[in-house]
A.B. asks: 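What follows is a single structure, and I will ask about it in a moment.
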Amino acid sequence: MNLKMKINLYFDKYLIKINLIFVTLLITFGIFLVSSATAVESQRIYEDSFYMIRNHLLALFIGIIGAYLITKIDYKNITNISNYLIIFMTLILFFLLTYGENVFGSTRWLDLGFVRLQPSEIAKPIIIIWVADQLSKVDLDGNNIKSIWRTSFMPAIAIILIFLQPDFGTAATLAFIVFIQLLFSKVKFIYPALLSVVAWFTGKFFLSSEIYRAERLRVWSEGICDQGLELLGSCFQVHQSRIAISSGGMFGLGPGTSRARWGSLPSAYSDFISAIIGEEYGFVGYIVFMFILSVSIMSFFLIAIRQKNEFKRIFTVGLGAWILFQSVLNLGASVYLLPITGIVLPFVSYGGSAMVSILIALGIMHSRDYE
């Protein structure tokens, strides 16, 4: 092995360590945030301040154990059953519309008695596996429309079913992930570019197809919440989020001292967890968190770029796109640079299905290749 190969090997190992270290930092940061943000709500609903944080830790435990076990097996054992996985997942999403649990007008949860699952979160790693497997097996010459169609058809069905729940945020996330995977594949740039144009107009149409989504888009685009005239209704969460962040000042109120968690900011432990960061840890804590998150996201894309295995490369870039897109939507919504979508912050927000799914995906990314 020559010097150049040794340097490349060392750099690749260093990137993987950086990725795992910074993901661990995000998870650790999330534990402190969720512990604080859920305490009041957990006491109100379950009469136990630690009920929700225990669930969060249990999801972390299951996800970490699952990810560790997956790293010890050949990833091809998973790709070999990708067809069955995506068909099963699509059937679950279909039956969810009829038999799912309706919460706040959206049918996103499947109650199995002993556990509640959110199939749309489980769909994310499965779709990333499917797309990566399809694009890695076919040597696309840029004109093979049939291959692109075969790759995109099943994810498109899943995205439509998720949109019908309705869950526009998750549907948009999956569409973005598939687009980035296509962009990093051997497909000529013109094809994902054309798909992005079609997706833009389609997304804009569906975004305006429901009154509540159209109203939310109108309020955001017209900057109504910035005018200070609407303090309730559509702008309530926005104002409460901004109040929480601004009240933290330079160094924050301190861990576990959030005022917003007492009911003024709904979904403080999930959709608006970043507001708790600003409130409890201040501007300095927010900057530190943004640094950790940014390095983590960059590490996924750097690993993908340097990955020689085609499946691993496309899968890793899909995972990176997942974290990037959700982070931008979540953080942007907390300060109202973007409309509120109800998207959680990866590795940080409270949520069992979301946490287990993303950790399993991380395990697949770091799984072995026995070739």
Side-chain angles (χ1 to χ4, degrees), residues 20-71 100-104 106 108-125 170 244 252-281 285 289 292-293 296 323 326-327 330 334 342-363:
L20 292 174
I21 288 171
F22 278 80
V23 166
T24 302
L25 289 174
L26 285 177
I27 292 172
T28 304
F29 209 156
I31 291 172
F32 287 106
L33 291 167
V34 171
S35 177
S36 173
T38 59
V40 176
E41 188 76 356
S42 188
Q43 178 64 36
R44 183 183 68 84
I45 299 175
Y46 304 105
E47 298 183 351
D48 180 358
S49 300
F50 300 100
Y51 182 87
M52 294 176 75
I53 186 60
R54 281 200 299 269
N55 283 349
H56 185 74
L57 292 174
L58 177 61
L60 269 173
F61 177 76
I62 293 171
I64 290 171
I65 293 299
Y68 175 77
L69 293 176
I70 287 175
T71 62
E101 182 180 359
N102 189 290
V103 180
F104 299 119
S106 185
R108 305 180 187 181
W109 297 93
L110 194 62
D111 193 347
L112 301 179
F114 61 96
V115 67
R116 290 171 71 242
L117 299 176
Q118 191 173 359
S120 59
E121 290 295 337
I122 300 171
K124 291 174 185 175
T170 301
L253 302 177
T257 59
S258 169
R259 299 165 185 163
R261 63 179 178 164
W262 288 89
S264 61
L265 180 59
S267 303
Y269 49 83
S270 56
D271 306 354
F272 285 88
I273 193 77
S274 56
I276 305 299
I277 299 173
E279 185 182 22
E280 294 192 349
Y281 298 91
F289 173 79
I292 295 171
L293 180 62
S296 176
I323 300 166
Q326 288 200 185
S327 297
N330 183 279
S334 67
I343 290 293
V344 299
L345 193 57
F347 297 117
V348 178
S349 293
Y350 175 81
S353 299
M355 185 63 74
V356 172
S357 295
I358 201 166
L359 287 173
I360 292 297
L362 187 68

A.B. asks: Once salt bridge (Lys or Arg N to Asp or Glu O under 4.0 Å) is applied, what residue pairs with a partner in residues 270-279 remain, sequence neighbours excluded?
C.D. replies: none

A.B. asks: Apply side chain to side chain contact (heavy atoms under 4.5 Å, CB included) to Y281 and I276, showing your working.
C.D. replies: CA-CA 8 Å; Y281 298 91; I276 305 299; over 6 Å; no

A.B. asks: A side-chain contact here means heavy atoms from C-beta on lying under 4.5 Å apart; do L117 and W109 qualify?
C.D. replies: no

A.B. asks: Name all residues meeting the side-chain hydrogen bond (donor to acceptor under 3.5 Å, both in side chains) criterion together with Q326; count only those two or more places apart in sequence or in a different chain, and write none if there are none.
C.D. replies: K124, W322

A.B. asks: Could you give me the CA-CA distance, side-chain angles and deciding distance for S327 and L293, then say whether side chain to side chain contact (heavy atoms under 4.5 Å, CB included) is met?
C.D. replies: CA-CA 8 Å; S327 297; L293 180 62; 3.7 Å; yes

A.B. asks: Please report the C-alpha distance between M355 and L60 in whole Å, then the side-chain angles of each, then the deciding distance to 0.1 Å, and finally whether the side chain to side chain contact (heavy atoms under 4.5 Å, CB included) criterion is met.
C.D. replies: CA-CA 7 Å; M355 185 63 74; L60 269 173; 3.7 Å; yes

A.B. asks: Report the C-alpha distance between I323 and I358 in whole Å, list the side-chain angles of each, state the deciding distance to 0.1 Å, and finish with yes or no for side chain to side chain contact (heavy atoms under 4.5 Å, CB included).
C.D. replies: CA-CA 9 Å; I323 300 166; I358 201 166; 3.8 Å; yes

A.B. asks: Provide the closest heavy-atom pair for Q118 versus S353 in the form atom of the first, atom of the second, distance.
C.D. replies: N-OG, 2.9 Å

A.B. asks: With heavy-atom distances below 4.5 Å as the criterion, would you say the side chains of F50 and T38 are in contact?
C.D. replies: no

A.B. asks: Sequence neighbours excluded, which residues qualify as side-chain hydrogen bond (donor to acceptor under 3.5 Å, both in side chains) partners of S357?
C.D. replies: none

A.B. asks: Under 3.5 Å, side chain of T257 to main-chain N/O of L253, donor-acceptor pair present?
C.D. replies: yes

A.B. asks: Please name all residues satisfying side-chain hydrogen bond (donor to acceptor under 3.5 Å, both in side chains) with S274, sequence neighbours left out, ordered by chain then number.
C.D. replies: S334

A.B. asks: Could you measure the distance from the CD1 atom of I70 to the CG atom of L362? Nearest 0.5 Å is fine.
C.D. replies: 10.0 Å

A.B. asks: I need the full list of side-chain hydrogen bond (donor to acceptor under 3.5 Å, both in side chains) pairs touching residues 52-69, with sequence neighbours left out, sorted by first then second residue.
C.D. replies: D48-R54

A.B. asks: Distance check, rounded to the nearest 0.5 Å: I53 atom CD1 versus L58 atom CG?
C.D. replies: 11.5 Å

A.B. asks: Look only at the side chain of T170 and the backbone of S120, and say whether a donor-acceptor pair between them is shorter than 3.5 Å.
C.D. replies: no

A.B. asks: If I take atom CG from residue L33 and atom OG1 from residue T28, how far apart are they, to the nearest 0.5 angstrom?
C.D. replies: 11.0 Å

A.B. asks: Just jot down the ring pair (Phe, Tyr, Trp, His ring centres under 6.0 Å) partners of Y46, sequence neighbours excluded, or say none.
C.D. replies: Y51

A.B. asks: Do the side chain of S349 and the main chain of V344 share a donor and acceptor less than 3.5 angstrom apart?
C.D. replies: no

A.B. asks: Tell me the salt bridge (Lys or Arg N to Asp or Glu O under 4.0 Å) pairs involving residues 29-41, sequence neighbours left out?
C.D. replies: E41-R44

A.B. asks: Any ring-ring contact (aromatic ring centres under 6.0 Å, His included) pairs touching residues 253-272, not counting sequence neighbours?
C.D. replies: Y269-Y350

A.B. asks: Can you tell me how far apart CG (L265) and CD1 (I273) are? Round to the nearest 0.5 Å.
C.D. replies: 9.5 Å

A.B. asks: Quick one: does I27's side chain get under 4.5 Å of L359's, heavy atoms only?
C.D. replies: yes

A.B. asks: Check I31, V34, I62 against L57 for a side chain to side chain contact (heavy atoms under 4.5 Å, CB included) and give me the one that passes.
C.D. replies: I31

A.B. asks: Do you know the tightest heavy-atom contact between A361 and P125?
C.D. replies: CB-CB, 4.1 Å

A.B. asks: Holding to side-chain hydrogen bond (donor to acceptor under 3.5 Å, both in side chains), I want the full list of residues that pass it with S49, two or more places apart in sequence or in another chain.
C.D. replies: Q43

A.B. asks: What pairs meet the salt bridge (Lys or Arg N to Asp or Glu O under 4.0 Å) rule with one or both residues in residues 255-266, with sequence neighbours excluded?
C.D. replies: none

A.B. asks: Suppose we screen for ring pair (Phe, Tyr, Trp, His ring centres under 6.0 Å). Which residues come up paired with F32, at least two apart in sequence or across chains?
C.D. replies: none

A.B. asks: Checking S36 against E280 for the side-chain hydrogen bond (donor to acceptor under 3.5 Å, both in side chains) test, could you report, in this order, the C-alpha distance in whole Å, the side-chain angles of both residues, the deciding distance, and whether it holds?
C.D. replies: CA-CA 9 Å; S36 173; E280 294 192 349; 2.4 Å; yes

A.B. asks: Mind checking ring pair (Phe, Tyr, Trp, His ring centres under 6.0 Å) for F289 and listing every partner two or more places apart, or none if nothing turns up?
C.D. replies: F29

